[in-house]
Amino acid sequence: MTGYENIIEKYLIENSEEYNMSYFEPSYVPDRIIHREEEIDIIMKNLSLIFKKMVPKNMFIFGKTGTGKTAVIKFIGRALESYQKEKVRFVYLNCQINDNSYSLLYSLGKSAGAEIPITGWSMDRLFNVVKDAVELYSAYFIIVLDEIDRYIKKNGDDILYSLSLMNSELKNSKIIIIGITNDVTIIENLDARVKSRLNEEKVVFPPYNQNEIYDILKDRIEMAKMKNYITDSALRYISAIAAQENGDARKAIDLLKTTLQIGIELKSIPVEEKHVNIAKSKMEYDAVAETIKSLPLHSKIVLLSIVFLKDYGTNNITTGEIYNAYRNLINIVNIPPLTSRRITDILSDLDMLGIVNAKVISMGRYGRSKIVDLMVSSGLIKSILLEEDQLKCLRDSMKKQSQLKI
DNA sequence: CATCCACAGGAAGGACGGGGGT
DNA sequence: ACCCCCGTCCTTCCTGTGGATG
């Protein structure tokens, strides 16, 4: 019997442990950074010019995902702000979320203490109010535009121009722009006048190697006071996996987190290599499930058609067979069918996503076709798709079919 | 060796919708 | 408020093709 006390107690215990998983969240910025000394040095050499009342250059930071770009820049921002809050203002903007010039100027204005409505002002008015506020504040404004490629692809580079324009009109304050991106081509595509005004300095963040990832993971484990939760060999194992997959530290930390969670759930502490393997396949499984869920309706039905054929015992499933099965299923769902030409493309899409493997083969006299094989267990596909409202009606026919096989 | 199957996959264009500019 | 542009999805029409078979 589960009473109030029992249920509360259970989760109280689960959540009151001494460990703290928030150290493994992607958004967590550690207060010490390792294996980025060189990059921090380059950035700080430039930014520390403000101590001499000089104006630092604008900067561009390049590097693949999980190379520490964002963490380093936030770390530096915090350090500078805590050292001289009234002289340095740090404005961080993720352009994937804030992708218009209004929110950029808004954030800048806010950090200078201006009163600005979230929406409604014309760009002219906004620009001038922000400029006045920034000037009045008389400080160095370090604006970080994370994923700046998103921003530029959407809006062009006019805002960079406006900002540098604002900068040249300022007397008591200065604006420094730091762009972060994993797209190296972006600078080359900038307008020439923006390019020359930006006067930028570049910093490249290389991927981490295995030992560096190991150190980073170990550091996080220590921060979280979870040293006893994982064996050293398991930690090395995770580092090796992550190093193989492009040296992405974020992914490595994610894998570490999932591994720990699984160990805690199974009450099997410290976690070992086998838990890492479980975590890895769980993450891959989740990713596949997510992909399948987000597929367009017709792609889902095509996928079910393949499952249908497979359950029926067909091997070497061809496009034609899939299309027939698809027509049957779509009849039951009662929506208009697509043409076989489109199904060809959908099959190619599924192939690209790795859900399906499609090979073009010739059957001589019997024509040329693709033979298609599932790369995901049919059980998984059915368990996900047959739950969906629109596809529930296929349950019976799918069931009948697999029973027929037995 | 020519044939011919059962598709692959390119080209062009229509319908639609969202988003940004004026 | 309106329009225009662009991307996505889909259809129609089409040409191309590897190799078992007659």
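Proteins come first, then strands; the chains are lettered A, B, ... in the order of their sequence lines, and each starts at number 1. All figures in this text were calculated on a predicted structure; none of them were measured in a lab.
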Answer whether the closest heavy-atom distance between the side chains of A/Ser340 and A/Thr319 falls below 4.5 Å.
-> no
Near-strand residues of residues 339-351 of chain A, defined as heavy-atom separation under 4.0 angstrom from DNA chain C | A/Thr339, A/Arg341, A/Arg342
May I ask you to say what A/Pro337 touches in the nucleic acid, namely base, sugar-phosphate or nothing, with a heavy-atom cut-off under 4.0 Å?
-> sugar-phosphate
Please work out which of the three classes, parallel, tilted or perpendicular, describes the rings of A/Phe141 and A/Tyr137, given edges at 30° and 60°.
-> perpendicular
Whole-Å distance between B/dA15 C1' and A/Leu338 CG?
-> 14 Å
Anything under 30° is parallel, anything over 60° is perpendicular, the rest tilted; go ahead and classify A/Tyr23 against A/Tyr28.
-> perpendicular
From the candidates B/dC7, C/dC10, B/dG9, the one with an atom nearest any side-chain atom of A/Val360 is B/dG9
Taking 4.0 angstrom as the limit, do A/Asp373 and A/Lys310 come out as a salt bridge?
-> yes
Are OP1 or OP2 of B/dG9 and a side-chain N or O of A/Lys370 less than 4.0 angstrom apart?
-> yes
Taking only Lys NZ, Arg NE, NH1 and NH2, and the carboxylate oxygens of Asp or Glu, determine whether A/Asp311 and A/Lys382 approach each other closer than 4.0 Å.
-> yes
Got a second to check how far A/Phe24's CZ is from A/Gln261's CD, nearest 0.5 Å?
-> 9.5 Å
So do A/Lys370 and A/Ser348 actually touch side chain to side chain, heavy atoms under 4.5 Å?
-> yes
Produce a footprint string for nucleotides 14-22 of chain C: one letter per nucleotide, 5' end first; B if the base is under 4.0 Å from any protein heavy atom, S if only the sugar-phosphate is, - if neither.
-> ---BBBBB-
Check: A/Val55 and A/Leu49 side chains under 4.5 Å, non-hydrogen atoms = no
